[in-house]
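Data block below; observations after.
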Amino acid sequence: MTIHRTAFAGLAGALALCLAPAASAQQDFPSDTIDVVIHAGPGGGTDITTRMMTTGATKVFGEDMQVVPKRGGSGAAALMYVDSQPRDGHTIMTLTQSHIFNILQEKVPLTIEDIVPLARATDDPMVIAVPTSSDIKTMDDLVEASNSTDGGLKWGTTFAGGADHVAIHTFTKEAGIPYTIVPFKGGGDIVTNLVGGNVDVALLNYAEGESQFNAGELKAIAALSEERIDALPDTPTAKEAGVDATASTVRGFVVLSGVPQDVVDTLSDGIVEGMSTPQYTNYLKSGGMPATSVVGQEEWGDHIMRIYEESQSALEELGLL
């Protein structure tokens with residue numbers, strides 16, 4: 001069959017015209033308000049972190065960014081809402097461990113492969129804390145007290161299967177000690193009951209117990225971080241104390257698969273730039289979080305997969321998958 005040059009040229013021209021609007025739309029991104037979906041209420045860490053990011057990133061993108069709360073199911077409602085929106089980059093989401101647990105437990109019709117990383121916003125290390133009145137002063141004391149107590153020490157946590165429960169399980173497994181969890185409604189309740197002696201020990205983010213640490217009501221035994229926390233320079237890391245374990249509260253931004261890669265790149269670069277301001281750096285510092293919290297697509301994607309794999313193992317061991 002002979003294909004005439006003029007016919008081919010006409011077809012190519014028509015194809016170019018069809019593709020031109022799509023290419024132009026991507027080049028002009030963003031062309032409208034960017035919605036940032038969160039799963040939490042106002043005033044919490046996820047809400048504040050998201051708003052701090054949008055303060056800087058709005059100026060980078062030249063478009064408004066609005067925080068859209070979708071509460072319910074510990075992140076399931078937020079995932080379902082984002083899944084219902086066009087995959088054009090104008091809807092992004094603040095991701096936490098809770099969203100990953102929903103995917104692991106098949107509470108949403110998404111897999112980890114549907115999560116496309118943009119940038120990490122916080123990597124907030126957890127700290128092993130005890131009341132200052134406790135006889136536990138070191139990691140060795142913690143191990144000894146755990147092993148000499150029937151059922152192990154009582155650890156304050158939010159709820160069974162939550163991020164801090166998984167972190168406690170992972171740490172105690174590495175330390176080779178038993179434990180018992182005592183659930184509370186939130187971090188504030190955990191701190192109150194820890195100071196009051198109703199639980200023996202807890203994993204806290206520094207900001208959650210900052211006032212009590214400064215007042216001498218709580219003592220930090222170890223930080224579950226790669227390096228010592230600036231706000232607690234005399235507190236060793238768990239690794240320094242002999243237990244190879246890390247844990248942190250992580251928040252970052254993602255879209256779902258199907259968003260064009262050039263739009264993903266634009267979002268990632270703009271969000272990272274938006275979090276490179278002195279205002280955002282001061283926010284991290286005031287919360288005891290390292291400046292290295294902010295990373296781009298590749299490193300954030302690797303971190304998401306580590307959380308997924310470690311959480312999968314812990315939830316299976318806890319019988320929650």
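Nothing fancy with the numbering, it's 1 onward along the sequence. Given the structure is predicted, the values throughout are model-derived calculations rather than measurements.
- Taking the six-membered ring where the residue is Trp, Tyr179 and His165 present perpendicular rings, their angle passing 60° and hence far from 30°.
- Under the 3.5 Å distance criterion, the side-chain polar atoms of Asp164 are matched with a main-chain donor or acceptor of Thr158.
- Counted by atom type alone, Arg251 and Thr94 present zero donor-acceptor pairs between their side chains at under 3.5 Å.
- Checking side-chain atoms of Gln85 against main-chain N and O of Ile92 turns up no donor-acceptor pair under 3.5 Å.
- In terms of heavy atoms, Ile229 sits closest to Val127 at CD1-CG2, 3.6 Å.
- Here the side chain of Trp300 pairs no donor or acceptor atom with the backbone of Val254 at under 3.5 angstrom.
- With a 4.5 Å cut-off on side-chain heavy atoms, Val108 and Asp83 do not count as touching.
- Between the side chain of His39 and the main chain of Met93, no donor-acceptor pair closer than 3.5 Å is present.
- Enclosure of atom CG in Asp230 is not indicated, since only 12 or fewer non-hydrogen atoms of other residues, nucleotides or ligands lie within 6.0 angstrom.
- A distance-only check finds no donor-acceptor pair linking the side chain of Lys239 to the backbone of Pro236 [under 3.5 Å].
- Heavy-atom neighbours of Glu144 CD from other residues, nucleotides or ligands within 6.0 Å: at or below the threshold of 12.
- Applying side-chain hydrogen bond (donor to acceptor under 3.5 Å, both in side chains) to Thr249 and the options Thr122, Asn205, Thr49 leaves one that passes, Asn205.
- Between the side chain of Thr132 and the main chain of Gly216, a donor-acceptor pair closer than 3.5 Å is present.
- Here the side chain of Ser313 pairs no donor or acceptor atom with the backbone of Glu309 at under 3.5 angstrom.
- Here the side chain of Gln105 pairs a donor or acceptor atom with the backbone of Leu320 at under 3.5 angstrom.
- Residue-environment remark: NZ (Lys285) stays at or below the threshold of 12 foreign heavy atoms within 6.0 Å.
- Other residues, nucleotides and ligands contribute over 12 non-hydrogen atoms within 6.0 Å of the CD atom of Glu316.
- Listed for the Asn102 side chain is a donor-acceptor partner under 3.5 Å among the backbone atoms of Ser74.
- In this structure, a donor-acceptor pair under 3.5 Å is present between the side chains of Glu113 and Thr111.
- With a 6.0 Å radius and a threshold of 12 heavy atoms from other residues, nucleotides or ligands, Glu63 has its CD atom above the threshold.
- For Asn214, the CG atom is densely surrounded, since the number of other residues' heavy atoms within 6.0 Å is greater than 12.
- Residues Leu284 and Val294 have side chains in contact (heavy-atom distance under 4.5 Å, counting atoms from C-beta outward).
- Looking at Ile115, Val116, Val250 one by one, the single match for side chain to side chain contact (heavy atoms under 4.5 Å, CB included) with Ile304 turns out to be Ile115.
- In this structure, Glu106 places its CD atom where only 12 or fewer heavy-atom neighbours from other residues, nucleotides or ligands lie under 6.0 Å away.
- A salt bridge links Arg51 and Asp47; the closest N-O separation between the charged side-chain nitrogens and carboxylate oxygens is under 4.0 Å.
- Of the possible polar contacts, none joining the Ser268 side chain to the Gly296 backbone as a donor-acceptor pair under 3.5 Å is found.
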